[in-house]
Number of protein chains: 2
Amino acid sequence: MANLKEPAARSYGQYCGLARAWDLVGDRWNLLIVRELLPGPLRFNELTTSLAGIATNLLTERLRALEAGGVVERRLGDRGILYALTPWGAELHTPMEALGRWAAPLLMSGRGADSFQPRWLVLALPALLHDVTCTATTEVGFNVEGLLIVLRIDESGPTAAIDPDQPPTTVLTAGPDVVVGLVAGGLTVEQAVAAGELTGDIEALHAAFTDERRL
Amino acid sequence: MANLKEPAARSYGQYCGLARAWDLVGDRWNLLIVRELLPGPLRFNELTTSLAGIATNLLTERLRALEAGGVVERRLGDRGILYALTPWGAELHTPMEALGRWAAPLLMSGRGADSFQPRWLVLALPALLHDVTCTATTEVGFNVEGLLIVLRIDESGPTAAIDPDQPPTTVLTAGPDVVVGLVAGGLTVEQAVAAGELTGDIEALHAAFTDERRL
DNA sequence: CCGCATCCTCATGGATACTG
DNA sequence: CAGTATCCATGAGGATGCGG
């Protein structure tokens, strides 16, 4: 039975780009859904587990709204439905990275009891390292909770990706607190190594970056 | 009687910069309040009228939350209380401008029945003109609904301000639709002039910008 | 299992009236 | 002017059901 509830579309009614963007992606969970899809398409259930706490009906409604707004698209994958960003939706990467950078001070208090997904580092690493300069193109892998996140810095700045075809030679293993601490500048490599929470090719890590950020 | 409702602080509970930023500024109206304060401090009533539609209790609650989060601060001005952004709050300018730029396609449908405040152009103009190059430092004033918005483009990019001490020599008069149309590239200067909706020193306007954006 | 749809409860948002 | 207090509508969160 088709009893689709109209989402009411409560709009700010303002002739302003920010307000109109907000009408589209400002509802609760929306930006976090986009964040999940930034590294690549996901299935419905992968979204529910990664977002831990969202009600399934809400996720359905939000995905529909984002699809109607041209931010998200459904694809029929091999084993079911895949949700992916449209090209325009993927361009949200820029403002979201800027917002992640603004929020750096909020990460200094540490993880606490919060949930964490290695996937989120794909947005966070480039955001936090935005001002890092690099003498040559550099790739460093972070093995976080079994998932390989590869950070790449070249002249156009830092980017990150999940499980690329070509793994980098330098791979470090560490938990989220250590990775964020290192990247946000609140922790030195020496401190992390001394605590036994950072393992891997430390020399290569030192060589990879300038001393500016102590990484 | 002190019957202050505890805002409950419903958090996403995620160790992620974006999520924590959202816990702080993601509630309804929050980012629009910040947008209002970007060009300069305002009083409570100025916020209620400019945001047209926000309930006074909500505005109170949001201002308190933003103050507690270190984004907004209260100042005691000459004639009452002024709300202003903290230095960190003002840094939201960068992600908000990026979001405004992302939302450019949403402005192409025109104003419609939406409300409008010239103040909003302080964010919108630099956002939409982000990729405009300029041979020399240029200042152009837009007189919109009686308020003078001054756009300045130099080698570090475009910025805008309200009613500066030193008004520019080139001042144009136009409504919001025309200004946005010109700046977003959906309208040529000739079209705007032909419609009688753009008046002022058009020659200077032509000379001020490159032909790239037809402005 | 996966991808939803329905139902229920309670927190949040919105409009209006009122006050120091 | 700068908020409070109050009431009602809406939206979020959680549990459950159900066809494929």
Side-chain angles (χ1 to χ4, degrees), chain A residues 1-14 19 22-23 25-33 36-37 41-68 72-84 115, chain B residues 1-14 19 22-33 36-37 41-67 72-84 115:
Chain A
M1 283 163 285
N3 191 356
L4 270 279
K5 277 257 184 67
E6 205 59 39
R10 186 176 44 177
S11 166
Y12 289 110
Q14 297 182 352
W22 226 238
D23 285 334
V25 298
D27 277 350
R28 193 165 166 78
W29 293 108
N30 269 347
L31 267 200
L32 300 188
I33 292 171
E36 294 303 320
L37 298 180
L42 289 178
R43 287 186 292 172
F44 189 90
N45 263 23
E46 295 174 313
L47 283 168
T48 59
T49 59
S50 193
L51 290 176
I54 190 171
T56 56
N57 55 351
L58 265 192
L59 180 56
T60 301
E61 184 197 303
R62 291 303 194 278
L63 286 169
R64 293 266 152 79
L66 289 172
E67 194 185 354
V72 161
E73 64 185 9
R74 286 157 156 261
R75 292 181 194 162
L76 285 158
D78 301 355
R79 304 182 298 273
I81 299 165
L82 281 177
Y83 291 94
S115 67
Chain B
M1 281 167 285
N3 192 357
L4 271 281
K5 279 257 183 66
E6 204 59 38
R10 186 176 44 179
S11 166
Y12 288 110
Q14 297 182 351
W22 225 238
D23 284 335
L24 192 53
V25 297
D27 277 350
R28 194 161 166 77
W29 293 108
N30 269 346
L31 266 201
L32 300 189
I33 292 171
E36 295 302 320
L37 298 181
L42 288 179
R43 288 185 291 171
F44 188 91
N45 265 21
E46 293 174 315
L47 283 167
T48 59
T49 59
S50 192
L51 291 175
I54 190 172
T56 55
N57 56 351
L58 266 191
L59 181 56
T60 300
E61 185 196 304
R62 293 291 130 84
L63 285 170
R64 293 267 151 79
L66 290 172
E67 194 185 353
V72 162
E73 63 184 10
R74 286 157 157 259
R75 292 181 192 163
L76 286 159
D78 301 355
R79 304 182 299 272
I81 299 165
L82 281 176
Y83 290 95
S115 66

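Numbers restart at 1 for each chain; the letters A, B, ... are given by sequence-line order, proteins then strands. Note that the structure is a prediction, hence the values are computed from the model and not measured.
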### Task
Could you pull out the closest heavy-atom pair between Q14(B) and S50(A), with the gap in Å?
NE2-O, 4.4 Å
### Query
Counting side-chain heavy atoms from C-beta on, which of dG3(C), dA12(D), dG3(D) comes nearest to I81(A)?
dG3(C)
### Task
Starting from the first five and the last five pairs of the helix from dC1(C)-dG20(D) to dG20(C)-dC1(D), work out the angle between the resulting helix axes, to 10 degrees.
30°
#### Entry: Whole angstrom value for the distance that separates P of dG14(C) from CG of L32(B)
11 Å
### Message
From CG of L51(A) over to C1' of dA12(D), roughly how many Å is that when rounded to an integer?
### Response
15 Å
### Message
Checking the side chain of R28(A) only, and the main-chain atoms of G26(B) only, is there a donor and an acceptor separated by less than 3.5 Å?
### Response
no
### Task
Identify, with sequence neighbours excluded, every residue that meets side chain to side chain donor-acceptor pair (under 3.5 Å) alongside D27(A).
none
### Query
How far apart are the closest heavy atoms of I33(A) and L66(A), and which atoms are they?
CG2-CD1, 4.1 Å
### Any donor-acceptor pair under 3.5 Å from Y12(B) side chain to W29(A) backbone
yes
### Distance test, side-chain N/O of R64(A) to OP1/OP2 of dC4(C), below 4.0 Å
yes
### Query
Could you run down nucleotides 14-20 of chain D 5' to 3' and tag each one B, S or - for protein heavy-atom contact under 4.0 Å?
B------
### Task
Take atom CG of D27(A) and atom P of dG13(D), then tell me their distance rounded to the nearest Å.
11 Å
### Message
Base, sugar-phosphate or nothing for R79(A)? Non-hydrogen atoms, less than 4.0 Å.
### Response
nothing
### Summary
To the nearest angstrom, the CD-C1' distance between E61(B) and dT6(D) comes to 15 Å
#### Entry: Whole-Å distance separating the CG atom of N30(B) from the P atom of dG14(C)
11 Å
### Task
Compare the minimum distances between each of dG3(D), dG13(D), dG3(C) and the side chain of N45(A), then state the nucleotide with the smallest one.
dG3(C)
### Message
Rounded to whole Å, please give me the gap between CZ in F44(B) and C1' in dA2(D).
### Response
6 Å
### Message
Holding to side chain to side chain donor-acceptor pair (under 3.5 Å), I want the full list of residues that pass it with E46(B), two or more places apart in sequence or in another chain.
### Response
none
#### Entry: R79(B): partners by salt bridge (Lys or Arg N to Asp or Glu O under 4.0 Å), with sequence neighbours left out
none
### Query
Is any side-chain N or O of Y12(A) closer than 4.0 Å to OP1 or OP2 of dG13(C)?
no
### Query
Using a cut-off of less than 4.0 Å, is there contact between a side-chain N or O of R28(A) and OP1 or OP2 of dG13(D)?
yes
### Query
Residues in salt bridge (Lys or Arg N to Asp or Glu O under 4.0 Å) with R43(B), at least two apart?
none
### Query
Which nucleotide sits closest to the side chain of R10(B): dG3(D), dG13(D), dG14(C)?
dG13(D)
### Task
Consider the side chain of R62(A), meaning its heavy atoms from C-beta on, and name the nucleotide among dA12(D), dG3(C), dG14(C) that approaches it most closely.
dA12(D)
### Message
Which heavy atom of R10(A) sits nearest to which heavy atom of D23(A), and what is that distance?
### Response
O-OD1, 4.0 Å
